[in-house]
Novice: 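One structure follows; several queries about it will come next.
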Amino acid sequence: MPPTAISGNTLFYGDNLPILREHIPSESVDLVYLDPPFNSNRSYSVLFRDEQGAESPAQIQAFDDTWHWNQQTEAVYTELVTEINGQVGAVIGALRQVIGTNQMMAYLVMMAVRLVEMHRVLKPTGSMYLHCDPTASHYLKIVLDTIFGPEKFRNEIIWQRSAPKSHAFTRYPSTHDVLLFYGKGDILTWTTTYVGHREEYIESHYANTEPETGRHYTLGDLLNPNKDRPNLTYEFPPGSGRVRVWRWTRERMMEAWQEGRVIIPKEGGVPRYKRYLDEMQGTPVTSVWTDIPPINSQAAERLGYPTQKPLALLERIINASSNPGDVVLDPFCGCGTALAAAQKLDRQWIGIDITHLAIALNKYRLEQMFPGIHMKIVGEPVDLGAAQQLAHDDRYQFQWWALSLVRARPLGGEIGSKSGKKGSDQGIDGLINYIDDNSSKPKRALVQVKSGHVKVGDIRDLVGTLEREKAQIGVFITLEDPTQPMITEAAAAGFYHSPGWGQDYPRVQILTVAELLAGAPVQMPPPFGTFKQAPRSKPDSQGAQGELAF
C-alpha cells in the first residue's frame, strides 16, 4: 500500500530508508537537502581497507561517522544489484569491483539505496542538494548521475567551511565542502540569488557620487554591439548630427534623457547611461560560496552539535530552490538547521534522524526559535509499553530519550553511537544547568537513568555523587516503580533552598517514566532546558523571519 501524504511539519525517529518507503509518497517533496555522516578524517588506508564482517553495523548514526561492510551492507548490496533499477545496480557492482568491500564501499551502498528513494519522493520540479566533502564526492556524483541522469546535474557547489590551516605540509590545506546539486526534471523551481557588492567592487565600478542625492553610480554603454539594426539607427542627441546604432529605441532613449539618466560628455563624446548602485540587485551567487562562515565557538547559533551547519547556508539553498509553502525534506536532520531554515522561510518540512537525542534537539530548537510551533513527532515512545520496548532494544537510545523528557543534556560517549558510556563524572547520565541568583553562575541538577532493576543503594549513590560534585539537585529516572526504602532515602536527603526564587525543592527526586509521560516535571528553579538554546525567530518588517540574539 503506497504511503499517504504527510500533513504539516513532521519529525521521524528511525532509519530513514524504511521511513522514506513507508511514509513519504512519491513526488510529494519540493526540495531535499542531506548532509549524511561520513568520517572524512579517517585515512585512505583505513577507508579502503578490506573488511570481513566488522562488528559495527553500517547504520546511519548521528555523530557516529563510520560505515562498515557487514551482513546488512551485503543484503542492501544484493537488493541494489538484483531488485532496484538495473543501471544503479550495475554501477554499484562496478564500483565494488574497483573499490572492494570496505568502509567507503559500505557508505556508497547504503547511500545509493536511500538516494533512489529520495529521487522517487521528489516532485518533477524538485531539487536535491547532497552535502559532502571531497573524500567521497566523486563517487557520489557517479551514483547521482546514474539515478537522476547526467543531464540533470546542475552544479557542484564549493562552500569554504574553514580558513587555511598551517599543518598541511605535503598538500594544499583542505578548507571546503562540496554540495552536489541535481534537479529531477528539466524545469526546476528556481530563484536567482544575489549578494551585496564587495567594497572594492563598489570603489572601482561605482566611484561616481551624485552631489544632490549622494547616490553612487556608474556609466554604462548605450551602443549596440550589432551594427546591422536599421530600426535602432538614428541621430542622438537630436541636432547633434551623430548617427549611431543604439541599444534602445528612440522613444526609450528620449525618456531616459529627460529623466536625467543619459549623460552626454561635454567634449561631445558618446552618450552614457547612469546606472545607480542602489538599483542593482547585487552580484549573482556563483557555484563558489566564500561568504558564509562556518559555526565557530562564539557563534550565537552554535548548539554544540559537531556537524552543525550555519543557518545562512540552508537559507540560501531553500530560498533558491523552493517557494513559500513548499515541502523541504532532510533525511539526516541532525541538529535541525535545515528544518529551522525551512520554518523561518515559511516552508513545510520533514526531518528524519536515527537518534532520540537528535529528535529532542530538533524539537527544543524549533520550539525555542518559533514559540507556538505545531509539529508531529513519529517514532517516540508515547506509553509505558513502548518505553519498555525501547529499553529492551537499545538501552542507550532509551537513556537519551528519557533524558529528553526532562530536557537534560547527555554526558559521556559519542552521542548517537551505540557504544554509550557514563559521563566523565562517574554516575552522571545527564545534566541540567540553571541560574537562580544574581551571580549568573550556573548551578546543576544531575540526572541518572535506570532501565533495569532499581534498589535503595542507587539513591545512596546519587546522594554521594551530589556531594562529590557539589551539585544542588539530583534526579533519578526509573522505568520501574521505586521501592519504599528508595523513597525514604530520597526524602532523607532534604531540600535545596533557591535564593533566587525563595523556594525549597527536594534535593533528590525520583521520577518514573510513567510519571514523566503523564507530564510530571522536575521540581527546580525555572527556566531549565537541555542543550544551548537557539535564538528566537520573529517576523521582520518584510514578513520574513529574523533572528534575535540571546
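Because the structure is a prediction, the values reported are computed rather than measured.
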Novice: Evaluate the side chain to side chain contact (heavy atoms under 4.5 Å, CB included) criterion for residues Y206 and M280: first the C-alpha distance (whole Å), next the side-chain angles of each, then the deciding distance (0.1 Å), finally the verdict.
Specialist: CA-CA 11 Å; Y206 289 88; M280 300 296 104; 3.3 Å; yes
Novice: Below 4.5 Å, heavy atoms only, C-beta onward: do I377 and I359 meet side chain to side chain?
Specialist: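 A side-chain contact under 4.5 Å exists here.
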Novice: For S322, does its backbone N or O pair with a side-chain atom of D326 as donor and acceptor, under 3.5 Å?
Specialist: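 Side chain of D326 to backbone of S322: no pair is present.
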Novice: Strictly below 4.0 Å, N to O, side chains only: are D221 and R275 in salt-bridge contact?
Specialist: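 So D221 does not pair with R275 through a salt bridge.
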Novice: Heavy-atom distance under 4.5 Å between the side chains of V143 and I92, does that happen here?
Specialist: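 Result yes, sub-4.5 Å side-chain heavy-atom pair found.
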Novice: Can you tell me how far apart NZ (K309) and SG (C335) are? Round to the nearest 0.5 Å.
Specialist: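 K309 NZ to C335 SG: 8.5 Å, rounded to 0.5 Å.
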Novice: Using side chain to side chain contact (heavy atoms under 4.5 Å, CB included), reason through L108 and L140 one step at a time and then give a plain yes or no.
Specialist: CA-CA 7 Å; L108 295 174; L140 290 168; 4.0 Å; yes
Novice: In terms of relative ring orientation, are F236 and W246 parallel, tilted or perpendicular, with 30° and 60° separating the classes?
Specialist: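 Because their plane-to-plane angle is over 60°, the rings of F236 and W246 count as perpendicular.
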Novice: Establish, from distance only, whether the side-chain atoms of H197 and T283 form a donor-acceptor pair under 3.5 Å.
Specialist: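 There is such a pair between these side chains.
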Novice: Check this for me: does any side-chain nitrogen of one of E156 and K141 sit under 4.0 Å from a carboxylate oxygen of the other?
Specialist: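 Not counted as a salt bridge, because no side-chain N and carboxylate O are separated by less than 4.0 Å.
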Novice: Which distance, rounded to the nearest 0.5 Å, do you find between the CZ of F332 and the CD1 of I354?
Specialist: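 Going from the CZ atom of F332 to the CD1 atom of I354 covers 9.5 Å.
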Novice: Could you check L180, I317, L313, L314 and say which one makes a side-chain contact (heavy atoms from CB on, under 4.5 Å) with H131?
Specialist: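 In the set L180, I317, L313, L314, the residue that makes a side-chain contact (heavy atoms from CB on, under 4.5 Å) with H131 is L313.
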Novice: Going from CD on E315 to CD1 on I292, what distance comes out if it is rounded to the nearest 0.5 angstrom?
Specialist: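 Reported value, rounded in 0.5 Å steps: 9.0 Å.
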Novice: Do M104 and T135 make a side-chain contact, defined as non-hydrogen atoms from C-beta onward lying under 4.5 Å apart?
Specialist: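 A side-chain contact under 4.5 Å exists here.
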Novice: Salt bridge check, R120 against E117: does any charged N sit closer than 4.0 Å to a carboxylate O?
Specialist: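 Looking at R120 together with E117, the answer is yes, because their closest N to O distance falls below 4.0 Å.
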Novice: Look only at the side chain of R272 and the backbone of I263, and say whether a donor-acceptor pair between them is shorter than 3.5 Å.
Specialist: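 Here the side-chain-to-backbone pair does not exist.
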Novice: Check whether any side-chain heavy atom of V327 sits under 4.5 Å from a side-chain heavy atom of S28, and report yes or no.
Specialist: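 No. Closest side-chain heavy atoms not under 4.5 Å.
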Novice: Starting from the C-alpha separation in whole Å, work towards a yes-or-no answer on ring-ring contact (aromatic ring centres under 6.0 Å, His included) for Y273 and W257.
Specialist: CA-CA 9 Å; Y273 180 68; W257 190 27; over 10 Å; no
Novice: CG/L179 to CG/L130 distance, rounded to the nearest 0.5 angstrom?
Specialist: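 Going from the CG atom of L179 to the CG atom of L130 covers 8.0 Å.
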Novice: With side chains defined as the heavy atoms from C-beta onward, is the minimum distance between L34 and M128 less than 4.5 Å?
Specialist: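 Side-chain contact under 4.5 Å: yes.
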Novice: Considering non-hydrogen atoms only, spot the tightest contact between P310 and P293 and give its length.
Specialist: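 For P310 versus P293, the nearest heavy atoms are CG-O, 3.4 Å.
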Novice: Any donor and acceptor pair, going by atom type alone, linking the side chain of R154 with main-chain N or O of F181 inside 3.5 Å?
Specialist: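 Pair absent, no side-chain N/O of R154 close to backbone of F181.
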Novice: Look at the side chain of S321 and the backbone N and O of S127, then say whether any donor-acceptor pair between them is shorter than 3.5 Å.
Specialist: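 Checking the backbone N and O of S127 against the side chain of S321, no donor-acceptor pair under 3.5 Å is found.
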Novice: How many angstroms lie between atom CG of L31 and atom CZ of R347, to the nearest 0.5 angstrom?
Specialist: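 That separation rounds to 9.0 Å.
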Novice: So for atom CG, which belongs to D186, do other residues, nucleotides or ligands contribute more than 12 heavy atoms lying within a distance under 6.0 Å?
Specialist: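 For D186, atom CG is not crowded (no more than 12 foreign heavy atoms under 6.0 Å).
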Novice: Quick one: closest heavy-atom pair of I435 and P442, and the distance?
Specialist: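 The pair with the smallest heavy-atom distance is CG1-CA, 4.0 Å.
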Novice: Checking side chain to side chain donor-acceptor pair (under 3.5 Å) against N9, which of Q348, Q343, K376 comes through?
Specialist: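 With N9 as partner, side chain to side chain donor-acceptor pair (under 3.5 Å) holds for just one option, Q343.
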Novice: Less than 6.0 Å separating the ring centroids of Y129 and Y33?
Specialist: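 No.
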Novice: Does the Lys NZ or Arg CZ of R161 fall within the cation-pi geometry relative to W159 - under 6.0 Å from the ring centre and within 45° of the axis?
Specialist: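 The answer is no, since R161 fails at least one limit relative to W159.
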Novice: Counting only heavy atoms from other residues, nucleotides and ligands, does the tally under 6.0 Å from CD of E27 exceed 12?
Specialist: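 More than 12 within 6.0 Å, yes.
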Novice: Are any side-chain N or O atoms of T218 and backbone N or O atoms of H205, one a donor and one an acceptor, separated by less than 3.5 Å?
Specialist: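 Looks like yes, one N/O pair under 3.5 Å.
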Novice: Kindly indicate whether the side chain of V113, heavy atoms from C-beta on, has any atom under 4.5 Å from the side chain of I84.
Specialist: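 The answer is yes, as the side chains (C-beta and beyond) meet within the 4.5 Å cut-off.
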Novice: Side chains of D145 and Y182: is there a donor and an acceptor less than 3.5 Å apart?
Specialist: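 Side chains of D145 and Y182: pair found under 3.5 Å.
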Novice: So L329 and V121, side chain to side chain contact (heavy atoms under 4.5 Å, CB included) or not? Walk me through it.
Specialist: CA-CA 10 Å; L329 166 66; V121 305; 4.1 Å; yes
Novice: Tell me whether R215 is salt-bridged to E279, with the criterion being a basic N under 4.0 Å from an acidic carboxylate O.
Specialist: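 Yes, R215 and E279 are salt-bridged.
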Novice: Do H119 and F148 have ring centres separated by under 6.0 Å?
Specialist: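 Distance test on ring centres: under 6.0 Å, yes.
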Novice: Taking the side chain as C-beta and beyond, is there a heavy-atom pair between R114 and N16 under 4.5 Å?
Specialist: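 Yes; the side chains approach each other to less than 4.5 Å.
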Novice: Look up atom CD1 in I352 and atom SG in C333, then write down how far apart they are to the nearest 0.5 Å.
Specialist: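 With rounding to 0.5 Å, CD1 (I352) is 8.0 Å from SG (C333).
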Novice: Determine whether R247 and M253 satisfy the following criterion, side chain to side chain contact (heavy atoms under 4.5 Å, CB included), listing intermediate values before the conclusion.
Specialist: CA-CA 9 Å; R247 286 184 179 271; M253 185 74 83; over 6 Å; no
Novice: So does R250 pair up with E255, basic N to acidic O under 4.0 Å?
Specialist: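 Salt bridge: no.
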Novice: Answer yes or no: is there a donor N or O on one side and an acceptor on the other, between the side chain of D30 and the main chain of L122, under 3.5 Å?
Specialist: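 Between the backbone of L122 and the side chain of D30 there is no qualifying donor-acceptor contact (under 3.5 Å).
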Novice: Does any part of the side chain of K123, heavy atoms only, come nearer than 4.5 Å to the side chain of K184, both counted from C-beta?
Specialist: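 When only atoms from C-beta onward are counted, K123 and K184 do not touch, as no gap falls below 4.5 Å.
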Novice: Judged by atom type as modelled, is there a donor-acceptor pair below 3.5 Å linking the side chain of T355 to the main-chain atoms of A358?
Specialist: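 Judged by distance alone, yes, a pair lies under 3.5 Å.
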Novice: Can you tell whether the side chains of R316 and D291 come within less than 4.0 Å, N to carboxylate O?
Specialist: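 Here R316 pairs with D291 in a salt bridge, since their nearest N and O are under 4.0 Å apart.
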Novice: Taking N155 for the side chain and S287 for the main chain, is one N or O donor matched with an acceptor at less than 3.5 Å?
Specialist: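 Here the side-chain-to-backbone pair does not exist.
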